[in-house]
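Counting begins at 1 with the first residue of the sequence.
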Amino acid sequence: WGYGIHSAGTLCFTSWEEGIDQFMTGLARDFIADRKLLTPAQIMTRYTPHSPGGAWARSVQQFLDDLYAGNL
């Protein structure tokens, strides 16, 4: 996901379950609860504001749309 990759180091996970749990916990805490950012476009303003033309938000939204439609 590119989650936890920054100048201070990179987060590593011992399993998919741990990675998903830490990612979802961080997302819920840092973006949804604290800042009320709910959509990929809103989250992008904080997580990756320099995404060219909003590419990050569009990609995440496409993944979510495919997931919800059962296309994955």
Side-chain angles (χ1 to χ4, degrees):
W1 307 296
Y3 179 74
I5 300 171
H6 45 74
S7 61
T10 301
L11 295 178
C12 295
F13 310 108
T14 59
S15 67
W16 279 100
E17 291 80 9
E18 180 189 15
I20 291 167
D21 182 64
Q22 285 196 28
F23 173 75
M24 294 306 296
T25 298
L27 179 67
R29 179 191 61 232
D30 300 336
F31 296 95
I32 297 171
D34 289 354
R35 295 186 177 91
K36 309 297 186 239
L37 304 174
L38 303 176
T39 67
Q42 292 170 337
I43 291 169
M44 184 184 75
T45 65
R46 179 71 183 173
Y47 183 68
T48 181
H50 302 294
S51 176
W56 182 89
R58 283 195 316 277
S59 295
V60 171
Q61 188 62 59
Q62 181 63 54
F63 175 80
L64 291 172
D65 292 346
D66 288 344
L67 184 64
Y68 295 143
N71 295 331
L72 297 177

Exercise answer: donor-acceptor pairs, residues 25-38 side-chain atoms, under 3.5 Å, sequence neighbours excluded:
residue, atom, partner, partner atom, Å
T25, OG1, D21, O, 2.8
R35, NH1, D30, O, 2.5
K36, NZ, A33, O, 2.8

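A search for side-chain contact (heavy atoms from CB on, under 4.5 Å) contacts involving T48 returns M44, S51, W56, not counting sequence neighbours. Checked against side-chain contact (heavy atoms from CB on, under 4.5 Å), D66 has the following partners two or more places apart in sequence or in another chain: Q62, N71, L72. When the side-chain contact (heavy atoms from CB on, under 4.5 Å) test is applied to S15, the partners found at least two apart in sequence or on another chain are E17, E18.
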